[in-house]
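Inspection log for the structure reproduced underneath, given as structure tokens.
Chain letters run A, B, ... following the sequence lines, proteins first, then strands; residues in each count from 1.
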There are 2 protein chains.
Amino acid sequence: MATIADVAKEAGLSRATVSRVINNYQYVSDEKRFLVQEAMKALNYFPNSSAQKLRSQRTQTIGVLIPVLTNPFFAYLLEGIDRIATDNAYQLLVCQTKYDQQKEIHFLNYLKSKQVDGIILTSIENNWETIAAYTTYGPIVLCNEYSEQTLVPMVRLNQLEGSYLGTCHLIRQGHRKIAYCRGGYMSQLTKDRHAGYKKALTEFGIPYNNDFIFKNVYDLEDGKKVLRDSLAMENPPTAFFAGSDQVATGIVKEAMKQGKSVPGDIAVIGFDDQPIASVVEPALTTIKQPAEEIGYKAMEVMIKSIESELEPNDMDIHLPLQLIVRHST
Amino acid sequence: MATIADVAKEAGLSRATVSRVINNYQYVSDEKRFLVQEAMKALNYFPNSSAQKLRSQRTQTIGVLIPVLTNPFFAYLLEGIDRIATDNAYQLLVCQTKYDQQKEIHFLNYLKSKQVDGIILTSIENNWETIAAYTTYGPIVLCNEYSEQTLVPMVRLNQLEGSYLGTCHLIRQGHRKIAYCRGGYMSQLTKDRHAGYKKALTEFGIPYNNDFIFKNVYDLEDGKKVLRDSLAMENPPTAFFAGSDQVATGIVKEAMKQGKSVPGDIAVIGFDDQPIASVVEPALTTIKQPAEEIGYKAMEVMIKSIESELEPNDMDIHLPLQLIVRHST
DNA sequence: ATGAAAGCGCTAACAG
DNA sequence: CTGTTAGCGCTTTCAT
């Protein structure tokens, strides 16, 4: 593969001039620019990207940490991030953490090795202090997940309001025994959702029942299991607030299979408003999260961070979420 | 950020020795190794990855070209690729082509700029000659999509058999008016699927009807439209072979909405066997593609290519596909 | 507007 | 087993 020196020789010019053409510098005469371009074509030249990165200390690459690619919510988040990245000539290094603390640390170190210009976190596995330590090495932006700090920018939804809205809706439909499904680790997002659920209960004078909290629930199969477990209870819940549409779908499918009617016997409300929410029968009532939009806002903020154009309002961007009422409640 | 020179000075050794420790060279005494490790810790040292790449001419990065991240089939493919990549200390540069020829070319050029060690193609947008020209610059592996050549390794399914199986199933259920839905560009995969559909028709003496071929059909909404369009036909099909579970789901949902019974009035068969196939009511009969497995086979082959350990059998790996009969037929 | 020259930080011969 | 040295290919002052 030809190098910049070969091009310079071919064009009868210096490497510096070739570099100027590559980088669209202004002070190059049209004549020489043409010469360089011809030489590049003739030699089928492409600049070595590692050399460019080493020299310029810029990689034009952003690391995106997501738990799992196959979760549609994160796929849409990524889609949003990618759209803005592509528009601005950035590349994405997709890093699956699989909800693992070690892996998250491993990927955060890409900042130290200058493999990426910045990192977007869509979930948080380690405690905040651990992560905060990395901000010295490059910009970090929180996307979807968040924490109670003002150090790094975040793009987020009012999760407390989301679950509050959903729970209130369930209560207004006459439910008093409302189950709540969540993941494992109590991230700030998880905590806030939980708080919203509790807040609604309290407001309507319904006692909080620990038996109605289902933990480590992530996907469709987990949802099915929740429903089965609930049926084995002495005093089972009549409504379920699920942490995702996948989980909600699992609950609905299993309920139907067990001969229960939805929403007659059991009401279910999801989170996300993914395509699956409209596919399952009955269609899910759910809290719509504008996943793509969160993604592209986050990438916009990341670019601003890199170019030192961050403004105070960029530090905490809130996007609206919305209760979509369908037929599962 | 500290450099290798700083570490060398701190440890009172040469840069070469530090490098040897970083790269786990064998001939380093335990004593010096310890000294180096201490120095690295003390200085919070991380090797600059661009420098390593420039010097070693290896990036440990594979470019994966996929049409869209939000299509679950590709998400699972990517998941499979990522599993093997992670296990072997490779990183993935995820490149969305959005079915665009220019973008595909753009990403293929990462091979020329030595930004990636190899490229996995999960779809093909340009003609094969154009792509073949890039094999000089690094290994290319075809994953899912394929072409009639023996130049680059491919991991694939017998698509012709897949659609043949599905169409035969439909015919045996008594259908004679069978519609077929496909995307836009006639890739080899698309052609083969089409051929399998035709083959089944021919075998059962059913004439091929061009009106029954629906083109540019990709997702759930497209599927709905297909059903509506078909209903407007003078002599509408009674069965649909869809190119994906998304499309099949759209057809089923819209059919129900239009008051048709599935499979009574209209039978539908999908492709992929994604989670959604079991969620929609009635559950989809579909051709199961082992997406994750295709992905990890492809990455295995890629690694072998890079390490020059490719064997003849690696050039064309076939994985089985399977007809899953549920309730939409 | 163009060129000369100095590295960016690292690895890999080679020598000892 | 360890050190010296020569680049990998590029960008960017600093001159002119």
Side-chain angles (χ1 to χ4, degrees), chain A residues 1-37 39-40 43-61 89 109-117 137-138, chain B residues 1-37 39-40 43-61 89 109-117 137-138:
Chain A
M1 199 73 205
T3 73
I4 199 169
D6 301 324
V7 177
K9 187 188 281 182
E10 171 84 11
L13 293 163
S14 73
R15 295 180 330 199
T17 305
V18 177
S19 174
R20 289 189 184 103
V21 173
I22 293 170
N23 296 291
N24 279 312
Y25 251 65
Q26 40 182 343
Y27 300 122
V28 181
S29 67
D30 290 350
E31 179 201 358
K32 314 259 166 175
R33 182 182 304 275
F34 178 77
L35 248 39
V36 170
Q37 283 162 344
M40 295 202 297
L43 298 175
N44 187 21
Y45 169 76
F46 266 69
N48 180 299
S49 104
S50 299
Q52 289 182 310
K53 288 175 186 169
L54 173 59
R55 181 57 232 239
S56 66
Q57 303 283 39
R58 282 282 233 94
T59 64
Q60 290 292 119
T61 305
N109 282 324
Y110 287 175
L111 233 32
K112 288 194 186 175
S113 58
K114 295 204 190 299
Q115 185 158 185
V116 297
D117 293 339
Y137 305 105
Chain B
M1 200 72 204
T3 73
I4 200 169
D6 300 325
V7 177
K9 187 187 281 181
E10 172 84 11
L13 293 162
S14 73
R15 294 179 331 198
T17 305
V18 177
S19 175
R20 289 189 185 104
V21 172
I22 293 171
N23 297 290
N24 280 314
Y25 247 68
Q26 41 183 341
Y27 302 121
V28 181
S29 68
D30 289 350
E31 179 202 358
K32 313 261 166 175
R33 182 182 303 275
F34 178 76
L35 248 38
V36 170
Q37 282 161 344
M40 295 202 298
L43 297 175
N44 187 21
Y45 169 77
F46 266 70
N48 180 300
S49 102
S50 299
Q52 289 183 310
K53 289 175 187 169
L54 174 58
R55 182 56 233 239
S56 67
Q57 303 283 37
R58 283 282 232 95
T59 64
Q60 290 292 120
T61 305
N109 282 323
Y110 287 176
L111 234 32
K112 289 194 186 175
S113 59
K114 295 204 189 302
Q115 186 158 185
V116 297
D117 293 340
Y137 305 106

Main chain of [Y], side chain of [X]: is a donor-acceptor contact present, judged purely on distance under 3.5 Å?
| X | Y | result |
| --- | --- | --- |
| B/Ser56 | B/Gln52 | yes |
| A/Ser113 | B/Phe46 | no |
| A/Asp117 | A/Arg58 | no |

What does B/Lys32 touch in the nucleic acid at a heavy-atom separation under 4.0 angstrom: a base, only the sugar-phosphate, or nothing? sugar-phosphate

Protein-nucleotide distance ([X], atom [atom1]; [N], atom [atom2]), rounded to Å:
| X | N | atom1 | atom2 | answer |
| --- | --- | --- | --- | --- |
| B/Leu35 | D/dG3 | CG | P | 10 Å |
| A/Tyr27 | D/dA15 | OH | C1' | 17 Å |
| B/Lys53 | C/dC10 | NZ | P | 13 Å |
| B/Phe46 | C/dC8 | CZ | C1' | 20 Å |
| A/Ile4 | C/dA5 | CD1 | P | 16 Å |
| B/Lys9 | D/dT2 | NZ | P | 21 Å |
| B/Leu54 | D/dA6 | CG | P | 18 Å |
| A/Leu13 | C/dA1 | CG | P | 15 Å |

Side-chain N or O of [X] less than 4.0 angstrom from OP1 or OP2 on [N]?
| X | N | value |
| --- | --- | --- |
| B/Ser29 | D/dT2 | yes |
| B/Tyr45 | C/dC10 | yes |
| B/Ser14 | D/dG3 | yes |
| B/Gln57 | C/dT11 | no |
| B/Gln52 | C/dT11 | yes |
| B/Thr17 | D/dG3 | yes |

Say you draw a straight line from CZ of B/Arg33 to CZ of B/Arg20; how long is it, rounded to the nearest 0.5 Å? 11.0 Å

Report all interatomic pairs (protein N or O, nucleotide N or O of nucleotides 12-15 of chain C) with separations under 3.5 Å.
| unit_1 | atom_1 | unit_2 | atom_2 | d |
| --- | --- | --- | --- | --- |
| C/dA12 | O4' | B/Arg55 | NH2 | 3.2 |

Where is the tightest heavy-atom contact between B/Leu54 and A/Ala51, given as atom of each residue plus distance? CD1-CB, 3.8 Å

Nearest heavy-atom neighbours spanning B/Ile22 and B/Pro47: CG2-CG, 4.0 Å

Among D/dG9, C/dG3, D/dT2, the one nearest any side-chain atom of A/Asn48 is D/dG9

When you compare the side chain of B/Asn48 with that of A/Gln57, does any pair of heavy atoms fall below 4.5 Å? yes

